[in-house]
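Here the structure comes first, spelled out in structure tokens, and everything after it is commentary.
Everything quoted here is computed from the prediction, not taken from an experiment. Labels below follow one simple rule: chain letters A, B, ... track the order of the sequence lines, proteins then strands, and each chain is numbered from 1.
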Protein chains: 2
Amino acid sequence: MDELDSEIIRLLQTDARQSNRELARKLGVAPSTCLERVRALTRRGVIRGYHADIDPAALNRQTQALVSVQVRPLSREVITRFERSAAAMPEVLSVFVLAGGDDFLLHVAVRDMDQLHAFLLDRLSQRREITGFKTSMVFQQMRNAVPSRLD
Amino acid sequence: MDELDSEIIRLLQTDARQSNRELARKLGVAPSTCLERVRALTRRGVIRGYHADIDPAALNRQTQALVSVQVRPLSREVITRFERSAAAMPEVLSVFVLAGGDDFLLHVAVRDMDQLHAFLLDRLSQRREITGFKTSMVFQQMRNAVPSRLD
DNA sequence: AATGAAAAGAGTGATCT
DNA sequence: AGATCACTCTTTTCATT
């Protein structure tokens with residue numbers, strides 16, 4: 001991970017679809033050098049993939065919420081099972097497994113309040129391992145798509 | 001937003017770097033058709049960008065936390081100002097503006113516990129509008145990189 | 001709106017420094 | 001490791017349906 005690798009990562013986080021040539025030009029190296037670096041980063045698992053960022057409205061997901069969830073018993077099995085099921089729910093964008101007051105936080109995005117209500121009742125309330133959950137509505141989200149490398 | 005647009009979105013969420021030809025082949029349309037669709041989606045703001053997904057370890061961010069924050073007074077000005085400053089902090093990946101118990105949730109990723117501690121003390125404790133915050137450590141996160149279009 | 005063909009540009013691997 | 005070159009494939013534009 002030298003300076004060149006860091007720059008490649010930064011540029012691909014900013015725009016994953018720019019050509020290898022453009023990348024090379026911005027870095028002041030030959031395209032073949034740049035290509036080999038990108039391949040090495042991918043092979044080493046540093047670059048995990050490339051994803052289009054889509055407006056939630058176009059996906060019919062204008063209503064977002066954060067749902068904190070407690071489960072019992074706090075066994076590895078229960079946690080793993082809940083984590084996997086939650087991640088597989090189409091309404092769920094992201095699952096955080098936490099230490100502290102809550103056990104999980106679910107980032108949920110759906111069409112409207114009705115669909116959110118249905119999610120809470122049909123997907124969460126029914127589960128026997130859940131001992132409680134609390135919903136906060138998301139007014140707005142700002143994401144940093146290009147996190148820098150920290151010292 | 002017909003079936004073809006939805007499929008383009010799905011494929012570009014899965015792999016933003018596949019060539020336009022490959023996209024066209026998978027969809028069974030001509031490359032030029034596909035290209036025009038992608039451009040229209042971009043023009044309409046449906047596609048907001050393309051980002052490489054980078055292993056947090058390679059960015060020196062192996063320690064993650066969710067920090068819920070309360071601010072006062074709850075005025076538009078205070079909220080907007082805090083939201084912007086938080087989003088600009090290099091430690092912060094994401095800022096959620098919430099309704100309910102807490103006012104904000106910050107998703108923070110740093111090198112280690114020392115850096116997290118420093119973040120809480122230097123970036124948050126100092127701010128006069130913050131009346132309280134609570135930190136939960138993140139053990140694990142699962143993200144759905146390809147959210148589907150809901151009905 | 002979609003297609004097909006042609007020009008311009010990019011990806012890729014061999015080879016050399 | 002990085003650069004250059006040559007070959008192939010892709011992107012992009014535009015005339016046509």
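With A:Asn20 contributing its side chain and A:Pro31 its backbone, the two residues share a donor-acceptor pair below 3.5 Å. At least one donor-acceptor pair closer than 3.5 Å links the side chain of B:Arg149 to the backbone N or O of A:Ala58.
Computed from coordinates, the B:Asn20 CG to D:dC9 P distance equals 17 Å when rounded to whole Å. As rounded to whole Å, 15 Å separates atom P of C:dG11 from atom CD of A:Glu36. The separation between B:Arg17 atom CZ and C:dG11 atom C1' is 10 Å, rounded to whole Å. The interatomic distance linking A:Ile8 (CD1) with D:dA1 (C1') rounds to 13 Å, in whole Å. The distance from atom CG of B:Leu35 to atom C1' of D:dC14 is 13 Å, rounded to the nearest whole Å. Atom CG of A:Leu23 is separated from atom C1' of D:dA3 by 17 Å (rounded to the nearest Å).
Residue contacts shown for B:Arg37 are limited to sugar-phosphate atoms, with no base heavy atom under 4.0 Å away. Among the atoms of the strands shown, none is found under 4.0 Å from any heavy atom of B:Arg25.
Which of C:dT3, D:dA3, C:dT12 sits closest to the side chain of A:Thr33 comes down to D:dA3.
Between B:Glu83 and B:Arg76 there is no salt bridge, since no side-chain nitrogen of the basic residue lies less than 4.0 Å from a carboxylate oxygen of the acidic one.
For C:dA1, neither phosphate oxygen OP1 nor OP2 lies less than 4.0 angstrom from any side-chain nitrogen or oxygen of B:Arg39. Side-chain nitrogen and oxygen atoms of A:Ser19 include none within less than 4.0 Å of the OP1 or OP2 phosphate oxygen of C:dG9.
Here the side chains of B:Phe82 and B:Asp103 are not in contact, with every heavy-atom distance at 4.5 Å or above.
With hydrogens and angles ignored, no donor-acceptor pair under 3.5 angstrom links the side chain of A:Arg21 to the base of C:dG9. In this model, a side-chain donor or acceptor of B:Ser32 finds a partner on the base of C:dG4 within 3.5 Å.
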